[in-house]
Enquirer: 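First, the structure itself, so that you have it in front of you.
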Amino acid sequence: MVFASCVRLRGNDAFDPTYVNLLTGAAAGSENDWPTLAVFVRTGAGKGWLAASGKADDVLIHSVKRSRNALYIELTDRSRPGYLGSWGSKAFVNVADPLAVLGVYSGLSPSVSRIDGEELLRAFAQATLAAENSAKYPLLHNKA
């Protein structure tokens, strides 16, 4: 799934009230454990997997942080299309067993700072997990 501003997708210079250029979410396979994934993304194969080009040399990992429910990676990918910018963050979360990859892309302008981008990605991850838990345990989330 992709959340993006129509203004940015059209390549228009009109006023854009959105906070970030692009949010993405994708299924990425079976459930993963965070320590193994944290080591993997720092390897050549892991960086290649993160790169838009598939080439490890295009990715620079700035930070890898773990929480109880997710793994967060801040990176620069020089192979991304220009309208996305090279800086971004990814979150890996286990949603109903499969692994989901969520992304925040800053674009070319300083429309979102790295701190704000990380906060937005964490909120996106938490909302994704909350939606999954609501579907899995509807009686716990029933407001009636």
Enquirer: Which heavy-atom pair separates Gly44 from Ala56 by the least distance, and what is that distance?
Expert: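 Smallest heavy-atom distance, with atoms named: O-CB, 3.2 Å.
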Enquirer: Side-chain contact, heavy-atom cut-off 4.5 Å: Ser53 with Arg78?
Expert: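 Ser53 vs Arg78: side chains apart.
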Enquirer: Tell me which one of Val59, Asp58, Val41 satisfies side-chain contact (heavy atoms from CB on, under 4.5 Å) with Lys47.
Expert: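 Among Val59, Asp58, Val41, the one meeting side-chain contact (heavy atoms from CB on, under 4.5 Å) with Lys47 is Val59.
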Enquirer: Can any side-chain N or O of Arg80 pair as donor or acceptor with the backbone N or O of Trp87 at less than 3.5 Å?
Expert: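 Indeed, once roles are kept as given, a pair shorter than 3.5 Å links the two residues.
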Enquirer: Any sub-3.5 Å donor-acceptor pair from Asp77's side-chain atoms to Gly88's backbone N or O?
Expert: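 No.
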Enquirer: Measuring only between side-chain heavy atoms, which start at C-beta, is Tyr72 closer than 4.5 Å to Ser89?
Expert: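 No, too far: nothing below the 4.5 Å cut-off.
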Enquirer: Just verifying a value: how many Å separate Leu37 CG and Arg42 CZ, rounded to the nearest 0.5 Å?
Expert: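 Rounded to the nearest 0.5 Å, the CG-CZ separation comes out at 11.0 Å.
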Enquirer: Applying a strict under-4.5 Å side-chain criterion to I, L, V, M, F, W and Y, I'd like to know whether Ile61 and Val101 cluster together.
Expert: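 Shared cluster, yes.
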Enquirer: Rounded to the nearest 0.5 Å, how far apart are NE2 of His62 and CG of Leu75?
Expert: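 Result: 7.0 Å between the selected atoms.
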